[in-house]
Structures are given as C-alpha cells and as structure tokens.
Number of protein chains: 2
Amino acid sequence: MDKLRQHIERIVALTDEEFAFIARHFSSRKYKKHQYIIQEGDEVKYHYFILKGLTKLVYTDDTAKEHIVSFAMEDWWESDFLAFYTQTKATMALICLEDTEVLCLNLEDYKKLCDGLQKMERFILEKANFGFLGAQRRIISLLTSNAKERYEQLIKLYPNLVQRVPKAQLAAYLGVSRETLSRLNQ
Amino acid sequence: MDKLRQHIERIVALTDEEFAFIARHFSSRKYKKHQYIIQEGDEVKYHYFILKGLTKLVYTDDTAKEHIVSFAMEDWWESDFLAFYTQTKATMALICLEDTEVLCLNLEDYKKLCDGLQKMERFILEKANFGFLGAQRRIISLLTSNAKERYEQLIKLYPNLVQRVPKAQLAAYLGVSRETLSRLNQ
DNA sequence: TGATAATCATGAGGTAGGTCAACGCCGTAT
DNA sequence: ATACGGCGTTGACCTACCTCATGATTATCA
C-alpha cells in the first residue's frame with residue numbers, strides 16, 4: 001500500500017487520514033505469469049494499479065491475430081478501461097507476462113473516491129490527461145514512422161520495458177511481424 | 001455561451017450561478033478558413049471549445065509531410081494539449097478547415113475551474129477519459145486494420161465529418177496516401 | 001468571366017513489410 | 001540425458017501501399 005501512497009503523493013500531498021480513506025477502497029490480488037486478469041467477454045469489475053510485475057492488454061482481431069494495445073508495469077494503471085468505465089463486456093484481454101501483484105478499484109469506489117476527496121479526483125484527472133497524451137504520442141508514431149523508427153522510439157521511451165518483454169510481444173505492440181522486427185538490426 | 005452550458009450539462013447539472021462562474025473564465029474568438037489557431041513553435045495559451053466550424057490538428061514530419069492527429073468540430077475540445085498542459089512549445093499546428101468560432105480557456109483558468117467547482121472537475125475528467133478512449137480506439141484501428149477497413153470505420157464513427165472534409169485530409173488522418181484512398185471504392 | 005487553385009481519379013512502377021517455412025538455441029520438465 | 005516448448009533468426013516470395021506523373025472536374029476569387 002505504501003507504493004500507492006507514494007505514487008499518489010507524486011501528484012497531490014495527503015494526510016494520514018486521507019490516505020487511510022483512499023486505501024480502504026482498494027483490495028489486492030496476485031497473479032502468476034500467463035494468467036488472465038481479464039478475459040475477452042468478461043465483466044470488467046476493476047481498474048488495476050500494478051504494484052509489481054508486467055502485463056499486456058491484448059486485442060485479438062477476427063483472424064485470431066493478437067495486437068498489444070499497451071503494456072503496464074510497476075506504478076501503472078491498467079484495465080480494459082472502456083469496459084470498466086461504461087460497464088460493458090471486455091473486448092480485450094489483460095494477461096500477465098510476469099508474476100504480478102495489483103491493487104483493485106471497482107467503479108463504485110472509483111466514483112466514491114472522486115466524490116469524497118477532491119485531491120483524489122485531481123490525481124485521477126492528472127493520470128487521465130497523461131494517459132491521453134501517451135495515446136496521442138503513439139498515434140503520431142504509428143502515422144509518421146516506419147517499423148525501425150517506431151522500435152527506436154519505443155527503446156528510447158521505455159528502455160527497461162524493452163529489456164523485460166520478448167521481441168515477439170514488442171512486435172505485436174509496434175504493429176509489425178516478429179520477422180520484420182528481427183530483421184531491423186541489420 | 002449557451003452551447004457551452006448545454007454541453008457541460010450533458011454531464012453535470014449546473015445552477016445559474018455556477019454557470020456564470022464558469023463562463024467568466026472563457027473568452028471567445030473567430031477564425032477564418034485556412035487560418036492557424038496554433039502554429040508549431042508557438043506557446044499554447046488556450047484549450048479551445050469549438051462552437052462552430054471544423055479544425056485539424058496537424059503534425060508535420062521531417063520530410064514535411066502532414067499527418068492529421070485529429071479533427072475537431074462543434075462541441076469538441078481541441079488544442080496541442082501536451083504543449084498547453086505542460087506549458088511547452090507547440091509541436092503541432094491547429095488549422096481551420098472552415099470558418100470557426102471558439103471559446104478559449106487558459107491553463108490558469110482551467111485549474112481555477114477545477115479547484116473552484118468540483119462539478120467542473122468532474123466534467124473535465126469525464127472528457128479526459130473519453131478522450132483517452134477515443135485515442136485508444138484509433139490505436140487499435142491502426143494496429144489491426146488495413147486502409148479500406150480504417151476508412152469504413154471512420155465513416156461509421158463520424159459520418160458527418162466525412163461529408164465535410166476533403167478526401168486528401170481524410171487520407172492524412174487515416175495514414176494512407178490520397179491516391180490509395182481514392183482507389184478504395186473499386 | 002476568365003484565371004487559378006483545389007479536388008479527385010487513374011496509370012506505371014517501386015518498396016516496406018507480410019506470410020510461410022525451416023532452423024538453431026536455449027531452459028525446463030520428464 | 002532427452003524431449004519439448006518458447007524464443008529468435010533467416011530465406012524466398014508476395015502484396016498492400018507508396019511515389020511520381022498526368023489529366024479531368026469543380027470551386028474560388030480578382
């Protein structure tokens with residue numbers, strides 16, 4: 001839980017009472033490598049804060065090809081956010097690439113936290129804004145750059161992520177085949 | 001201004017006093033077709049609410065090729081949000097595709113509105129979340145679909161937008177050449 | 001009204017990246 | 001020790017899309 005507090009306090013300062021109030025809304029869970037946190041078609045009950053580990057958010061197209069919408073690791077928030085936020089069925093799967101520990105926040109508590117503590121709403125807004133900006137950067141990368149450039153941008157932006165993730169998975173994130181990714185360093 | 005009130009009240013109800021407080025933070029401006037609202041390298045003073053008209057947010061790559069990061073029309077918010085939010089120089093241009101009227105909100109007032117009226121922060125958070133989800137949908141489209149599929153998805157999602165925007169501009173949004181887009185209907 | 005610029009379509013040829021298939025190198029479980 | 005699955009590489013071939021060039025049609029505006 002201390003990790004969560006530090007994470008929030010990077011954006012808004014908290015009193016002990018405030019953090020106690022926040023902490024009350026989270027539950028914790030552990031998953032093993034290869035386990036599914038969310039499966040396509042599930043109800044998505046939680047937004048997850050990752051304490052430890054590494055996950056991929058996967059969209060599977062109609063030819064059964066897997067596309068990685070995002071990776072998430074320590075201190076990141078992750079979910080099938082559309083399904084979570086609009087209370088619809090998951091269209092993506094959330095899968096562990098390593099053993100993973102998360103804190104879970106359900107939608108009701110997400111709203112209660114926003115209502116009950118303006119600092120928390122501020123924090124969540126800040127996260128939402130930067131989440132949007134990250135997605136926009138990715139769109140620009142996809143629009144403007146070829147496979148090699150996108151790979152280099154990824155290495156620059158998340159050098160430690162690239163260490164931890166198999167190349168085939170990076171390829172599925174970058175939107176290229178693993179063969180193409182493998183040929184880039186020549 | 002009435003348009004703004006209706007727009008906000010689709011998400012949170014407001015009293016007259018509350019809306020008066022909100023309205024006080026906005027100024028209004030008009031631009032002609034082809035005019036730049038933001039130029040690359042500018043300071044970005046405002047986040048814009050579009051009352052009327054149509055704009056494109058353009059990223060120009062190092063080969064001088066233009067990529068359209070987003071379109072915005074009536075009731076949409078637009079800016080080079082990274083530059084606005086982090087008070088850095090614009091890396092994108094915001095250009096009118098039609099005569100356009102906007103309401104302008106500077107960063108200081110954006111923060112004051114969040115601080116001064118929790119309803120407004122709620123509203124902005126809701127917008128931020130859906131902005132993120134829209135960007136994520138676009139990423140999935142770029143990762144999973146070919147030119148024709150992406151074009152069809154765009155038509156389905158924003159049929160009226162497609163009417164108003166020249167095909168060459170749609171191509172720059174979809175990430176294909178205008179020639180390719182022109183050949184799709186065969 | 002005539003000139004100029006957008007807009008759209010189409011042909012020809014080139015290329016980045018996809019697909020399919022084979023192979024080598026681990027790590028780990030039997 | 002051996003077998004097997006995950007992971008990465010490489011070759012051969014194919015295709016979706018790009019680029020360059022031309023021309024037709026339609027707005028726009030002096």
Side-chain angles (χ1 to χ4, degrees), chain A residues 32-36 53-56 58-68 71 93 95-99 139 141-155 161-186, chain B residues 31-36 53-56 58-68 71 95-100 139-155 161-186:
Chain A
K32 289 273 173 202
K33 183 172 174 172
H34 296 136
Q35 245 189 305
Y36 281 65
L54 178 60
T55 65
K56 59 175 175 177
V58 176
Y59 180 89
T60 304
D61 69 23
D62 36 11
T63 71
K65 198 166 158 184
E66 291 195 355
H67 305 271
I68 296 181
F71 294 109
I95 305 170
C96 298
L97 293 172
E98 299 176 1
D99 292 357
I139 289 169
S141 178
L142 287 165
L143 285 178
T144 64
S145 305
N146 64 22
K148 181 159 196 174
E149 289 162 346
R150 294 206 300 280
Y151 185 43
E152 284 161 358
Q153 288 161 16
L154 181 64
I155 293 170
L161 179 78
V162 174
Q163 308 298 324
R164 286 164 75 174
V165 178
K167 297 232 168 134
Q169 306 292 318
L170 294 178
Y173 175 87
L174 291 168
V176 298
S177 68
R178 55 181 140 248
E179 293 93 334
T180 295
L181 187 64
S182 170
R183 279 186 257 256
L184 289 183
N185 291 332
Q186 292 162 6
Chain B
Y31 297 88
K32 290 274 173 202
K33 183 170 175 173
H34 296 134
Q35 244 189 306
Y36 281 65
L54 179 60
T55 65
K56 60 175 176 178
V58 176
Y59 180 89
T60 304
D61 69 23
D62 35 10
T63 71
K65 197 168 158 185
E66 291 197 355
H67 305 270
I68 295 181
F71 294 109
I95 305 170
C96 299
L97 293 172
E98 299 176 0
D99 291 357
T100 297
I139 289 169
I140 292 174
S141 178
L142 287 165
L143 285 178
T144 65
S145 306
N146 64 23
K148 180 160 197 176
E149 289 162 347
R150 294 206 299 279
Y151 185 44
E152 284 162 357
Q153 288 162 15
L154 181 64
I155 291 170
L161 178 78
V162 174
Q163 307 299 325
R164 286 165 74 174
V165 178
K167 297 232 168 133
Q169 305 293 318
L170 294 178
Y173 176 88
L174 291 168
V176 297
S177 68
R178 56 186 138 240
E179 294 93 333
T180 295
L181 187 65
S182 169
R183 278 185 259 255
L184 289 182
N185 290 334
Q186 293 162 2

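Lettering of chains follows the sequences in order, A, B, ..., and the numbering in each one begins at 1.
- Considering A:Val176, A:Leu170, A:Asn146, A:Thr180 as possible partners of A:Tyr151, the one that fulfils the side-chain contact (heavy atoms from CB on, under 4.5 Å) test is A:Leu170.
- In this structure, CZ of A:Arg183 is placed 12 Å from P of C:dT19, rounded to the nearest angstrom.
- Taking atom CG of residue B:Leu184 and atom C1' of nucleotide D:dA16, one finds them 11 Å apart after rounding to whole Å.
- Of the options A:Thr55, A:Leu154, A:Leu97, a side-chain contact (heavy atoms from CB on, under 4.5 Å) to A:Phe71 is made by A:Leu97 and by none of the others.
- Atom CG in A:Leu143 sits about 15 Å away from atom C1' in D:dC18, given to the nearest Å.
- For the pair B:Lys65 and D:dT19, the criterion of a side-chain N or O lying under 4.0 Å from OP1 or OP2 is met.
- Here the closest heavy-atom approach between residue B:Gln153 and residue B:Ser141 is recorded as OE1-OG, 2.6 Å.
- When atom types are taken as modelled, the side chain of A:Arg178 and the backbone of A:Ala171 share no donor-acceptor pair closer than 3.5 angstrom.
- When heavy atoms are screened at a 4.0 angstrom cut-off, A:Lys148 is found touching no nucleic acid atom at all.
- One can place CG of A:Asn185 at 14 Å from P of C:dG17, the figure rounded to the nearest angstrom.
- A heavy atom closer than 4.0 Å to some atom of DNA chain D occurs in B:Gly175, B:Val176, B:Ser177, B:Glu179, these being the qualifying members of residues 168-179 of chain B.
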TODO: Sugar-phosphate means primed atoms, P, OP1 and OP2; the rest is base. With that split, encode nucleotides 22-30 of chain D 5' to 3' as B, S or - using protein heavy atoms under 4.0 Å.
DONE: ---------

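- Here CD1 of A:Ile95 is found 11.5 Å from CD of A:Gln35. Values are rounded to the nearest 0.5 Å.
- Rounded to a whole Å, the CG atom of A:Leu181 is 11 Å from the P atom of C:dG17.
- The phosphate of D:dC17 has neither OP1 nor OP2 within less than 4.0 Å of any side-chain N or O from B:Thr180.
- Residues B:Leu181 and B:Lys167 come closest through the heavy atom pair CD2-O, 3.2 Å.
- Counting all heavy atoms, side chain and backbone alike, B:Thr100 lies closest to B:Leu54 at OG1-N, 3.3 Å.
- The closest donor-acceptor contact from the side chain of A:Asp99 to the backbone of A:Lys32 lies at 3.5 Å or more, if one exists at all.
- Between A:Glu149 and A:Ser145, the closest heavy-atom pair is OE1-CA, 3.2 Å.
- Rounding to whole angstrom units, NZ of residue B:Lys167 and P of C:dC8 are separated by 6 Å.
- Listed candidates were C:dG17, D:dA16, C:dC8. Nearest to the side chain of B:Asn146 is D:dA16.
- For B:His34 and C:dA5, the NE2 to C1' distance is 10 Å, given to the nearest whole Å.
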